[in-house]
Amino acid sequence: MSLDLIAYAAFFLTMALTYAIMCLGLNVQWGQTGLFNVGIAAFVAIGAYVSALLTTPDAAGRVGGYDLPIAVGWIGGALVAGLAAWLVGALTIRLRSDYLAIATFGVAVTVQLCVLNLQPLTGGAFGIGFIPRPFGNLASDPLAFGLSNLALMAAVVLALYLALQHLAKSPWGRVLRAIREDETAAQALGKRPIRFRLQAFTIGGAIMGLAGAAQGHFIGFIAPDNYLPILTFQVWAMLIVGGSGNNRGAILGAVLVWGLWALSAAAVSAFVPPEQQARAASLQIVMIGVGLCLILLLRPRGILGASNALASLTGRRTRKFKE
Amino acid sequence: MNPQFLMDGLIAGAMIGLGAIGVTLTYSILRFANFAHGELLSWGAYLALALSGGLGLLSTTLSMPIGPFSFGWSLPLATILAIILTGLLALAVDAVLFGRLRSRGSAVIILVMASFGVSLALRSLLEFIFTSKPAYYTKALQIAVKIGGGLRATPDQLLSLGVALVAVVAIHLLMTRTDIGRSMRAVSENPALAGIAGVDVRRVIRVVWFIGAALACIAGIMTGLLVQIRPYLGHDLLLPLFAAAILGGIGSVPGAMIAGLIVGLSEAAAVQLVGAEWRAAVSFVILVAVLLLRPRGLFGRAA
């Protein structure tokens, strides 16, 4: 019994850590650069599908299935998602700040449509199965399998965290901060804000792609339903709760919000009669929306507090508008 | 190719255009992309559903179909009430959330994000109250009549086109011929200067929310009448609304309507040429093309 519990806890934490990776990616885009991405689900989906295409065994009636090692799939997923982010960013970052938001919203709709309709490539609504799982040879022993996957995911998150912390302190990170604090001054020093924003957006997109690949391989099966807009909302809730601009907060927020989400979903399925469950689930989403607004109003720094990223964004920014 | 797609595109485009006028007005005067605008369409549609249902219970003569149309007097009456209620909803959200963020001098992107939260909450609230099962104003079926040129349309569709036309002309006259319209354009040009010149900026903002919500409500009811009512009705139209507002040029009322018709017609053409499953991608293609070729849109001013 207790072994089952540990295996379940390992599964839960591994899932939470895949969200933590998405959250770290969003933190590069929003927390450190102030770029609003409403299409997280799209970049995660791109990573997951590319990696699945590269690593699954050859399947009849579907393009792809190159049977490559999992690591190749992860890197490929991250690269293609990064490329997609670069394209979207190159198109919109030089324009008004909310055009990027609108464009990413469009990307989310379009990627969802492609995944559903490009059946020969993506398997359509049925998705792709038999994605190789890391430590698949341990699958007969759920505990060892769960723990080794957890260790792998924790190592990925740790490596990413250290790299991002380093990046934030590097000259590149300092330029980003300078642009955020005073764009004109940074420009006067010869830094080109558009280029740095584009780089940050691309890196964030690639990290989301990596998260999608890692999650797809951990579950072993992907389908369009995994990448609905609700995923974007969840990741946003995680980053806002954890505190944007703060990498540790991003990870903590992911574990907390995923925990709350899983708990409330379990409570719904345990206590709510089956015919009312869809309604209860929609109430869950109302709570995320209201919570997002409340945090923006009351605690714009999140739980752990931003290293004054949002503060400087909310404080004095260009095009501010008073009644 | 069957010319009927022109009629379908025109009707879908009229609904998109009405919604896009609201987006373009809030965008040019409040200066942020309101992701919750789609939910105003859905709320308008559901409010009218609840009200016309209530009126139908009061008196069965109200739900008897009027002339060639599929609905009784309960729907037009409910529409008027729903317009007022949707407007009040928008004003309430502004008072509770957007107004406070604005007076704090929040960045544009914070407002965008808040609108994102509002859209989530409002949409799921509808799903909670009405469930996600599609609903209809009436169960009556309508036969499409020939209107010449090989085109057919139902009386409901023709009426909707007429209402959309009247609404657009009315808003255009309001913007160009009245004091409040001039104040609105002044605030969109330069809020600080308009304030100094004695324009009541708060009042202008309230009027903008109300007009945007009223048009959204009409568009939502039209969509509900001609297609069906679902909690995702407005959310699924959001991308076409943004595409139309940007294509028409932010702040331009005629631009938004014309661009709405362009988006609607392109969607209908894509359904004919490529297949119905790609319909939703049309707006994205238009959006990308506008951002690449002419970011200020057809009738927009240079930024």
Side-chain angles (χ1 to χ4, degrees), chain A residues 30 34-36 38 88 91-92 94-103 105-110 112-114 116-117 229-230 232-233 236-237 240 278-297 300 310 312-323, chain B residues 27 30-33 35 96-97 99-114 116-129 131-132 191-192 195 201-202 205 231 235-236 238-239 242-243 246 250 275 277-281 283-285 287-288 291-292 295 303:
Chain A
W30 168 250
L35 299 168
F36 189 59
V38 212
V88 179
L91 182 65
T92 49
R94 70 202 151 84
L95 305 170
R96 306 163 78 135
S97 62
D98 30 14
Y99 277 13
L100 177 72
I102 297 175
F105 179 73
V107 171
V109 171
T110 311
Q112 176 69 221
L113 216 57
C114 290
L116 263 176
N117 292 331
I230 184 71
T232 301
F233 308 147
W236 267 106
I240 299 287
R279 299 183 98 179
S282 51
L283 213 54
Q284 240 184 325
I285 303 175
V286 174
M287 272 158 39
I288 289 198
V290 173
L292 194 75
C293 296
L294 280 181
I295 288 184
L296 284 178
L297 272 178
L310 248 166
S312 67
L313 269 168
T314 45
R316 43 209 161 68
R317 285 298 290 168
T318 47
R319 226 192 283 147
K320 79 176 171 185
F321 175 39
K322 284 199 175 128
E323 287 186 10
Chain B
Y27 203 146
L30 298 155
R31 282 150 209 272
F32 74 101
F35 275 78
V96 173
L97 185 66
R100 292 191 189 183
L101 290 173
R102 246 188 344 260
S103 60
R104 231 185 256 171
S106 300
V108 176
I109 215 70
I110 299 287
L111 287 163
V112 176
M113 207 164 147
F116 191 68
V118 172
S119 97
L120 258 189
L122 285 181
R123 179 167 67 247
S124 301
L125 201 57
L126 277 182
E127 219 174 338
F128 174 70
I129 301 172
T131 72
S132 50
V201 177
R202 283 160 184 265
I205 288 176
H235 181 260
D236 291 346
L238 190 59
L239 191 57
F242 278 141
I246 293 177
I250 294 299
E277 69 271 26
W278 293 103
R279 181 187 190 121
S283 321
F284 183 64
V285 173
L287 186 69
V288 168
L291 293 183
L292 266 180

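Numbered from 1 within each chain, the chains take letters A, B, ... in sequence-line order. If you're wondering where the values come from, they're calculated on a predicted model, not measured in any experiment.
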On a heavy-atom basis, which atom in [X] and which in [Y] lie closest, and how many Å separate them?
{"X": "A:Cys293", "Y": "B:Leu97", "value": "SG-CD2, 3.7 Å"}
{"X": "B:Ser124", "Y": "A:Ser282", "value": "CB-O, 3.2 Å"}
{"X": "B:Phe32", "Y": "A:Asp98", "value": "CA-OD2, 3.5 Å"}
{"X": "B:Val96", "Y": "A:Leu297", "value": "O-CD1, 3.8 Å"}
{"X": "B:Ala281", "Y": "A:Leu113", "value": "N-CD2, 3.4 Å"}
{"X": "A:Ile240", "Y": "B:Met113", "value": "CD1-CE, 2.9 Å"}

Where do A:Arg279 and B:Thr131 land on the side chain to side chain contact (heavy atoms under 4.5 Å, CB included) test, with the steps shown first?
CA-CA 6 Å; A:Arg279 299 183 98 179; B:Thr131 72; 3.8 Å; yes
Chain B heavy atoms under 4.5 Å from [X]: which part of the residue, side chain, backbone, both or neither?
{"X": "A:Val88", "result": "neither"}
{"X": "A:Val290", "result": "both"}
{"X": "A:Ala278", "result": "neither"}

Set out, in order, the CA-CA distance, both residues' side-chain angles and the distance that settles side chain to side chain contact (heavy atoms under 4.5 Å, CB included) for B:Phe35 and A:Val38, then state yes or no.
CA-CA 10 Å; B:Phe35 275 78; A:Val38 212; 4.1 Å; yes
Relative to chain A, which of B:Ala280, B:Ser119, B:Gly275 shows the most heavy atom pairs under 4.5 Å?
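Result: the option with the highest number of such pairs is B:Ala280.
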With a 4.5 Å limit on heavy-atom distance, are the side chains of A:Arg94 and B:Leu291 in contact?
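Contact flag for A:Arg94/B:Leu291 side chains = no.
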Under 4.5 Å from any heavy atom of chain A - which part of [X]:
{"X": "B:Val288", "answer": "both"}
{"X": "B:Ile129", "answer": "backbone"}
{"X": "B:Leu287", "answer": "side chain"}

Taking [options] one by one, which has the highest count of heavy-atom pairs under 4.5 Å against chain B?
{"options": "A:Val107, A:Leu116, A:Thr92", "answer": "A:Val107"}
{"options": "A:Leu294, A:Leu292, A:Leu91", "answer": "A:Leu91"}
{"options": "A:Leu100, A:Thr110, A:Val109", "answer": "A:Thr110"}

Taking it one step at a time, do A:Tyr99 and B:Ile246 satisfy side chain to side chain contact (heavy atoms under 4.5 Å, CB included)?
CA-CA 9 Å; A:Tyr99 277 13; B:Ile246 293 177; 3.8 Å; yes
Roughly how far, to the nearest 0.5 Å, is CD1 of A:Ile102 from OH of B:Tyr27?
4.5 Å
Begin with the C-alpha distance, continue with both residues' side-chain angles, and end with the deciding distance and a verdict on side chain to side chain contact (heavy atoms under 4.5 Å, CB included) for B:Arg100 and A:Leu296.
CA-CA 10 Å; B:Arg100 292 191 189 183; A:Leu296 284 178; over 6 Å; no
By salt bridge (Lys or Arg N to Asp or Glu O under 4.0 Å) - contacts of B:Arg279 (at least two apart)
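Counting only residues at least two positions away or on another chain, B:Arg279 forms a salt bridge (Lys or Arg N to Asp or Glu O under 4.0 Å) with B:Glu267.
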Output every pair passing salt bridge (charged side-chain N to carboxylate O under 4.0 Å, His left out) with a member in residues 117-129 of chain B, not counting sequence neighbours, ordered by first then second residue.
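Qualifying pairs: B:Glu39-B:Arg123.
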